[in-house]
J.: 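First the structure, which I've put down as structure tokens, then a few questions once you've had a look.
Because only heavy atoms are used, hydrogens play no part in the values below, and waters and symmetry mates are left out as well, while side chains stay in. For this chain, numbers begin at 1 and follow the sequence in order.
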Amino acid sequence: MSRRNTEQENWITYLLSLSRMIYLFPAEVKGIGGSRWGYINEKGDFVLPPKYEMGHEFQENGLAIVQVDNLTGTINSDGYFIVKPKYDTISPFSEGRAAAIDGEGYKILDESGKEITTKAYFFIGDYQEGRAVVANNNEHGDYLFGYLNRRGKEVIPLSYEAASDFQDGKGVVKVKEGGYSLIDLTGKVLKSYPYPFVNYYGEGMLAFKEREDGNWGYMDESGKVAIEPKYIGVHQFIDGKAIVTVENHNHDYYGLIDRQGNFIIKPHYNSLLNLGEERYALGKAIDSEKPYLFPKYAIVDSSGQIYTGFIYNGVSKFKEGIASAYNDELTFFIDKRGQRIEQLPKVNGSGSLAFEKSLIKGDIDLRILYFDKKGKLIWKQNTIIPLNNDYSVIENKYTPNKDYLVYYPQLKGIASQESVNQTLKDLSGVKPIPQHTQLESSYAGDFDVSYYKNTLVVIEIKGYDYPFGAAHGMPVRKYTHIDLKSGKFYQLKDLFKPEADYVKVISQIVGEQIKNDDQYSYVFPDSYKGIKADQPFFISEGELNVYFEPYEIAPYAAGFPTFTIPFNEISSIIHHARDFWLSFH
């Protein structure tokens with residue numbers, strides 16, 4: 001038999017093996033206590049039931065990262081834990097290794113789940129070309145960088161003030177004596193550069209600054225200046241081209257240059273994204289006086305030829321000649337000329353579509369859905385949460401504007417249903433929003449059924465309001481406690497005896513927790529003055545929880561500082577014969 005025929009047979013065998021593979025896909029189900037993730041097959045049937053707090057995609061090594069009881073582990077396709085949930089987070093595997101974080105710090109796991117590092121680090125990056133950037137403090141308290149090999153050993157000592165990933169066997173490091181060096185995979189210095197900033201190594205070119213407050217330019221590996229410093233921002237060279245930023249009338253504009261610094265795409269645009277496969281998304285601001293608003297995008301190639309108008313709100317990267325894009329109404333696939341591919345699925349809403357193994361995955365308006373390769377919808381998240389045979393929570397969607405999206409709850413089967421549901425709509429942020437007007441901020445709202453027992457349902461209403469151009473937005477968090485029989489919304493005071501000074505009692509308990517529990521060390525000194533009579537709260541099993549808004553008593557990064565008080569600790573002031581208590585007892 002000829003070598004060619006053997007190769008063909010091997011190829012056919014490989015293709016047949018692919019057709020026999022059973023792929024699993026993460027899918028989310030809303031229920032009592034919040035959402036749970038499981039894994040479906042290509043028919044949309046659950047193979048691994050929805051029992052995880054979070055479930056990520058199965059990677060090429062056959063492992064998926066999941067979360068249980070706020071801890072992270074990995075499973076195989078049978079649902080067997082390869083790494084039991086004991087880490088705070090685990091990063092996706094790169095080159096057969098994953099960085100895991102626990103109370104001690106960063107560690108490296110191999111695919112069997114074994115920790116191959118002998119100590120914890122302050123930081124470990126992804127593996128690239130057999131090396132991972134690692135950082136720790138030395139005995140003098142200096143924060144220094146080095147590199148680990150795939151065995152988890154420090155193959156290049158932690159001796160640098162900064163370090164980049166390796167590319168083409170070379171990395172850029174900042175040396176303690178000043179300046180930067182280009183090193184190889186063994187740590188050997190190939191060339192040193194006496195500049196305050198050197199970065200973005202790619203294709204033999206490095207970006208650099210001659211002064212700390214100066215502009216960026218490019219040099220070759222020998223240190224010879226190839227493009228004089230004249231950009232306020234730069235990117236790595238990819239396929240002989242780099243995206244750069246210039247300033248004009250206090251606004252930033254993006255363009256594309258070649259290796260000589262000639263503009264292929266002139267810097268007249270508010271955004272420029274590399275989509276791969278020699279395609280770019282060219283962004284133009286809707287309002288030239290407000291460039292921080294999300295731009296509209298056109299598709300352009302690496303020669304500067306523009307194929308579409310500025311018609312897309314977002315575009316994904318190209319893969320084998322196909323990308324997804326979305327406008328004000330739809331998400332769909334496009335070809336390399338930016339034209340919609342009509343025979344592939346299109347979905348109402350904003351997000352992305354992608355070929356995922358044997359299915360097409362949609363991530364649209366904060367929801368996951370799957371289609372088969374013919375475009376038939378085979379799975380989407382549930383919109384009904386049954387409480388019992390009489391009551392259920394229905395998910396409704398309100399999206400009057402491309403920048404305003406709310407999923408809000410409606411109760412079915414309860415007393416005073418119409419008025420209760422109107423209150424839930426109001427609390428969720430359902431209000432008149434102009435359809436075709438550019439808003440000054442974006443809002444995304446959602447909800448969870450956090451607790452249900454007897455006739456009490458607790459619904460968490462959450463959201464995120466982001467003013468365009470701001471450093472960050474503000475999260476929203478509200479809890480409603482509803483009696484399903486009466487339709488009454490309970491308040492904190494309804495839990496206690498009329499004569500009880502619950503504000504004083506709870507204030508003292510929270511104060512003691514802040515004082516004595518290290519987990520609350522983030523609270524601003526002297527900021528806590530006690531709770532209010534209408535303090536935000538929520539009921540969970542056997543506990544009362546009170547919480548504060550961001551910035552109220554702690555930094556923004558602390559989120560909503562929450563304090564848990566077991567009911568038996570405040571039993572003497574609880575009104576056990578009152579309807580609030582009886583609703584869940």
Side-chain angles (χ1 to χ4, degrees), residues 7-8 11-12 14-19 21 23 25 42 57-60 92 94 128 167-168 202-203 235-243 254-259 264-265 269 271-284 294-365 368-378:
E7 288 177 349
Q8 287 179 341
W11 181 242
I12 292 170
Y14 172 69
L15 289 176
L16 288 173
S17 71
L18 285 181
S19 68
M21 284 183 179
Y23 294 117
F25 307 87
E42 59 187 19
E57 294 175 354
F58 275 93
Q59 298 171 54
E60 293 300 321
S94 58
Q128 195 159 318
Q167 180 170 325
D168 298 329
E203 300 181 351
H235 287 69
Q236 186 181 53
F237 268 90
I238 299 174
D239 296 329
K241 303 166 188 67
I243 297 170
Y254 296 81
L256 187 70
I257 60 170
D258 62 19
R259 293 176 66 92
I264 301 168
I265 299 174
Y269 303 96
S271 180
L272 182 57
L273 308 175
N274 189 338
L275 304 179
E277 300 187 0
E278 299 186 344
R279 290 297 182 270
Y280 295 82
L282 201 59
K284 181 182 289 186
F294 290 123
K296 292 282 191 179
Y297 288 100
I299 303 300
V300 59
D301 68 18
S302 56
S303 70
Q305 181 176 350
I306 299 176
Y307 290 103
T308 69
F310 292 88
I311 55 177
Y312 299 130
N313 296 335
V315 187
S316 72
K317 284 186 172 291
F318 275 91
K319 185 177 181 180
E320 297 180 1
I322 296 176
S324 77
Y326 65 93
N327 55 27
D328 290 356
E329 298 175 358
L330 297 171
T331 299
F332 43 84
F333 285 101
I334 59 172
D335 61 23
K336 294 187 75 171
R337 298 180 65 85
Q339 302 303 306
R340 184 189 301 183
I341 303 174
E342 294 292 345
Q343 62 267 37
L344 292 177
K346 57 180 181 290
V347 185
N348 288 315
S350 302
S352 63
L353 291 163
F355 286 87
E356 184 66 34
K357 297 169 184 167
S358 56
L359 296 181
I360 295 172
K361 179 182 180 180
D363 188 347
I364 311 293
D365 286 348
I368 302 297
L369 60 161
Y370 292 98
F371 301 86
D372 65 19
K373 289 294 179 66
K374 295 181 179 179
K376 178 185 176 182
L377 180 67
I378 62 118

J.: Does the side chain of L377 reach to within under 4.5 Å of the side chain of V347, using non-hydrogen atoms?
T.: no

J.: If we only count heavy atoms from C-beta on, is the Y269 to Y280 side-chain gap below 4.5 Å?
T.: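 Y269 does not reach Y280 side chain to side chain.
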
J.: Could you tell me whether the side chain of Y312 and the main chain of G338 form a donor-acceptor pair under 3.5 Å?
T.: yes

J.: Would you give me the side-chain donor-acceptor pairs under 3.5 Å for residues 315-329, sequence neighbours excluded?
T.:
{"residue": "S316", "atom": "OG", "partner": "S324", "partner atom": "N", "Å": "2.9"}
{"residue": "S316", "atom": "OG", "partner": "S324", "partner atom": "O", "Å": "3.4"}
{"residue": "S316", "atom": "OG", "partner": "S324", "partner atom": "OG", "Å": "3.3"}
{"residue": "K317", "atom": "NZ", "partner": "N274", "partner atom": "O", "Å": "2.7"}
{"residue": "S324", "atom": "OG", "partner": "L353", "partner atom": "N", "Å": "3.2"}
{"residue": "S324", "atom": "OG", "partner": "L353", "partner atom": "O", "Å": "3.4"}
{"residue": "N327", "atom": "OD1", "partner": "E329", "partner atom": "N", "Å": "2.9"}
{"residue": "N327", "atom": "OD1", "partner": "L330", "partner atom": "N", "Å": "2.7"}
{"residue": "D328", "atom": "OD1", "partner": "K296", "partner atom": "NZ", "Å": "3.0"}
{"residue": "D328", "atom": "OD1", "partner": "N313", "partner atom": "ND2", "Å": "2.8"}

J.: What's the shortest heavy-atom distance between P345 and F333, and which atoms?
T.: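 In this case the closest contact between P345 and F333 is O-CD1, 3.9 Å.
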
J.: Kindly compute the distance separating OH (Y307) from CD1 (I334), expressed to the nearest 0.5 Å.
T.: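 Result: 12.0 Å between the selected atoms.
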
J.: Looking only at heavy atoms, what is the nearest atom pair of L272 and L282, with distance?
T.: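 The pair with the smallest heavy-atom distance is CD1-CD1, 3.5 Å.
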
J.: When rounded to the nearest 0.5 angstrom, what distance separates CD1 in I364 from CG in N348?
T.: 9.5 Å

J.: To the nearest 0.5 angstrom, please state how far the CD1 atom of I341 sits from the CZ atom of F332.
T.: 10.5 Å

J.: Would you mind writing out the side-chain donor-acceptor pairs for residues 355-363 within the sub-3.5 Å range, not counting sequence neighbours?
T.:
{"residue": "K357", "atom": "NZ", "partner": "F58", "partner atom": "O", "Å": "3.1"}
{"residue": "S358", "atom": "OG", "partner": "E42", "partner atom": "OE1", "Å": "2.8"}
{"residue": "K361", "atom": "NZ", "partner": "E57", "partner atom": "OE2", "Å": "2.6"}

J.: Within the distance-only criterion (no hydrogens, no angle test), does the side chain of R340 pair as donor or acceptor with the backbone N or O of K346 below 3.5 angstrom?
T.: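 Pair absent, no side-chain N/O of R340 close to backbone of K346.
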
J.: Would you name the heavy atoms of G202 and Q167 that are closest together and state the gap between them?
T.: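 Scanning both residues, the minimum pair turns out to be CA-NE2, 3.8 Å.
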
J.: Find the distance between CD1 (I257) and CD1 (I264) and round it off to the nearest 0.5 Å.
T.: 8.5 Å

J.: For residues G240 and E203, report the shortest heavy-atom separation together with the two atoms involved.
T.: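 Heavy atoms only, the tightest pair is N-OE1, 2.8 Å.
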
J.: Kindly compute the distance separating CG (D335) from CZ (R279), expressed to the nearest 0.5 Å.
T.: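 Rounded to the nearest 0.5 Å, the CG-CZ separation comes out at 9.0 Å.
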
J.: Flag yes if more than 12 heavy atoms outside Q343 fall under 6.0 Å of its CD atom; otherwise flag no.
T.: yes

J.: Out of curiosity, Q339 CD to R337 CZ, how far, rounded to the nearest 0.5 Å?
T.: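 Nearest 0.5 Å value for the CD-CZ distance: 7.5 Å.
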
J.: Please step through side chain to side chain contact (heavy atoms under 4.5 Å, CB included) for the pair I306 and I265, ending with a clear verdict.
T.: CA-CA 10 Å; I306 299 176; I265 299 174; over 6 Å; no

J.: How about NZ on K376, more than 12 heavy atoms from neighbouring residues, nucleotides or ligands closer than 6.0 Å, or not?
T.: no

J.: Taking side-chain contact (heavy atoms from CB on, under 4.5 Å) as the definition, give me every residue that meets it alongside E278, ordered by chain and number, with sequence neighbours left out.
T.: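 Partners of E278 by the side-chain contact (heavy atoms from CB on, under 4.5 Å) criterion, ordered by chain and then number, come out as S302.
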
